[in-house]
Amino acid sequence: MPELPDVEVSKQYLDATSLHQRIVEVEVLAPEMLKDMSVKELKQVLEGDAFESSRRHGKYLFINLRNGHFLVLHFGMTGFLTYFKNMEKEPPHERLLIAFSNGYHLAYDCQRKLGQVALAEDVAAFVEERKLGTDAMEIDVDSFKRALSVTRASIKSALMDQKRIAGIGNIYSDEILFQAGVHPQKKASQLDESSVEKLFRAMKEVLSSAVECRADPERFPKDYLIPHRRVDKICPKCGGDIETAKVSGRTAYFCPNCQGSHQ
DNA sequence: AGTACCACCTGACGGC
DNA sequence: TGCCGTCAGGTGGTAC
């Protein structure tokens, strides 16, 4: 599932399974998910070629073909990749099915069809065209401060704004704010410098440990909020009750005791 | 110009 | 059991 850590895990999965094999057939089960291209065009670019390497920017995965094109995957809220040989292992909501010459298949499954499948010639140009910010794993502290300083929005909205910083969504913004002890409804511009630096460190630490844990909440450190949201709703740091609030249309989970006020 | 909100799509869950 | 409303880890377009 598809914030930065989930997409990074998908990238590692793709790299471990699907590179350097001839693509013999591409089936498009949901043509409406193709962005700015036809089924025919996608098949022409992929079939007979092979994936050579991949890159991730924010929540997007760019898969480099030998012919120089990139297959671009975005996972929406429900997308994932799966590699299998036995067709009984076919996932339930396949939108793209790629058959390799070794008899294995790579499926892109996306139940809610909120993801996207695209082609690109150049990653930097794609990022520029979509106006995506610097990747959250790559950004340095000064750019982070700049990205958050010029907005009237809440800090949670600003962290989730892909044009400021790419890769953070609803779940991980909550975790980052929780680890930094910052209230989600606090105005981004009202944070003092030490809070912003704390957020920066929390962002790096949360994202890298989530990737190490293969984005599986069951493996997360004991004091992480994610495994407790919607489950027992108990704060893993102070034992108090987790609260929720709507922040620009999304549900924020936070601990009012550990994360102070939004004033 | 910048921010908030709805639509897009499908399925799961709880209440009646 | 069945129907309905609500909600879900995202984002583009549109309305303020």
Side-chain angles (χ1 to χ4, degrees), chain A residues 1-11 28-36 56-61 72-81 91-96 108-118 126-133 135-136 146-179 184-190 203 206-207 209-211 213-220 224-231 233 242 244-254 262:
Chain A
M1 298 169 218
E3 296 185 38
L4 185 152
D6 313 282
V7 179
E8 181 63 27
V9 170
S10 292
K11 170 186 160 39
V28 180
L29 294 312
E32 67 272 28
M33 294 187 70
L34 303 189
K35 182 88 177 168
D36 303 325
R56 183 194 54 71
H57 186 103
K59 303 176 188 174
Y60 289 86
L61 182 58
V72 186
L73 297 179
H74 186 279
F75 296 94
M77 282 171 76
T78 54
F80 64 92
L81 294 177
H93 313 284
E94 258 177 8
R95 309 308 183 194
L96 193 62
Y108 165 80
D109 186 293
C110 192
Q111 184 199 113
R112 290 176 64 188
K113 298 186 188 174
L114 296 175
Q116 274 179 36
V117 177
F126 183 94
V127 166
E128 169 65 24
E129 190 188 314
R130 299 293 176 100
K131 303 269 186 287
L132 297 174
D135 183 80
R146 247 177 283 129
L148 296 183
S149 60
V150 284
T151 176
R152 288 172 284 153
S154 68
I155 182 61
K156 179 173 168 68
S157 302
L159 285 172
M160 291 194 301
D161 182 348
Q162 303 304 300
K163 295 180 175 58
R164 295 179 191 285
I165 303 161
I168 299 166
N170 196 33
I171 290 280
Y172 284 97
S173 62
D174 281 355
E175 189 66 62
I176 291 162
L177 290 162
F178 177 69
Q179 294 302 332
Q185 288 171 309
K186 182 107 181 168
K187 296 287 178 196
S189 59
Q190 286 174 0
M203 175 181 76
V206 164
L207 296 176
S209 57
V211 171
C213 298
R214 288 175 265 168
D216 177 358
E218 286 184 16
R219 299 171 191 272
F220 283 5
Y224 271 34
L225 174 68
I226 289 173
H228 298 274
R229 38 183 295 152
R230 301 162 55 77
V231 182
K233 297 190 179 172
I242 298 299
T244 63
K246 285 283 179 197
V247 179
S248 52
R250 313 300 301 279
T251 305
Y253 289 75
F254 65 101
H262 52 86

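Values below: every heavy atom of this structure, side chains too, minus hydrogens, waters and symmetry copies. Every chain is numbered from 1 and lettered A, B, ... according to where its sequence line falls, protein lines coming before strand lines.
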Closest-nucleotide ordering on DNA chain C, the 5'-leading residue of Gly249(A) and Gln162(A):
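So the residue in question is Gly249(A).
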Can you tell me if the side-chain N/O atoms of [X] get under 4.0 Å from OP1 or OP2 in [N]?
X         : N       : result
Thr251(A) : dA8(C)  : yes
His93(A)  : dT10(B) : no
Thr151(A) : dT3(B)  : yes
Arg250(A) : dC6(B)  : no
Lys113(A) : dC8(B)  : no
Lys59(A)  : dT11(C) : yes

Out of dG11(B), dT3(B), dC8(B), which has the shortest distance to the side chain of Leu114(A)?
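Of the options given, the side chain of Leu114(A) lies nearest dC8(B).
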Tyr253(A) has a side chain; which of dG9(C), dT3(B), dA8(C) sits nearest to it?
dA8(C)
Determine the Euclidean distance between corresponding [atom1] atoms of [M] and [N]; express it in Å to zero decimal places.
N      : M       : atom1 : result
dC9(B) : dT14(C) : P     : 16 Å
dG5(C) : dA7(B)  : P     : 15 Å
dT3(B) : dG9(C)  : P     : 23 Å
dC6(B) : dT6(C)  : P     : 13 Å

Strictly distance-based, threshold 3.5 Å: is any side-chain N or O of [X] a donor or acceptor partner for the main-chain N or O of [Y]?
X         : Y         : answer
Gln111(A) : His93(A)  : no
Thr78(A)  : Arg112(A) : yes
Asp135(A) : Gly58(A)  : yes

Send over the distance from [X] [atom1] to [N] [atom2], rounded to a whole Å.
X         : N       : atom1 : atom2 : result
Leu148(A) : dG2(B)  : CG    : P     : 15 Å
Asp36(A)  : dT11(C) : CG    : C1'   : 15 Å
Arg112(A) : dT10(B) : CZ    : P     : 10 Å
Asp161(A) : dG12(C) : CG    : P     : 11 Å
Met77(A)  : dC7(C)  : CE    : P     : 13 Å
Met33(A)  : dG10(C) : CE    : P     : 15 Å
Lys163(A) : dA4(B)  : NZ    : P     : 14 Å
Met160(A) : dG10(C) : CE    : P     : 7 Å

Applying a 3.5 Å limit to both distances, which nucleotide forms a Watson-Crick or G-U wobble pair with dG5(C)?
dC13(B)
Would you mind classifying the nucleic acid contact of Lys246(A) as base, sugar-phosphate or nothing, using non-hydrogen atoms under 4.0 angstrom?
sugar-phosphate
For Arg152(A), report the nucleic acid contact type (base, sugar-phosphate, nothing); a contact means any heavy atom under 4.0 Å.
sugar-phosphate
Least distance between heavy atoms, Leu4(A) atom then Ala166(A) atom
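Minimum heavy-atom contact is CD1-O, 4.0 Å.
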Where does the angle between the aromatic ring planes of Tyr108(A) and Phe75(A) fall among parallel (under 30°), tilted (30 to 60°) and perpendicular (over 60°)?
tilted
Does a donor on one side chain sit under 3.5 Å from an acceptor on the other, for Ser154(A) and Lys186(A)?
no
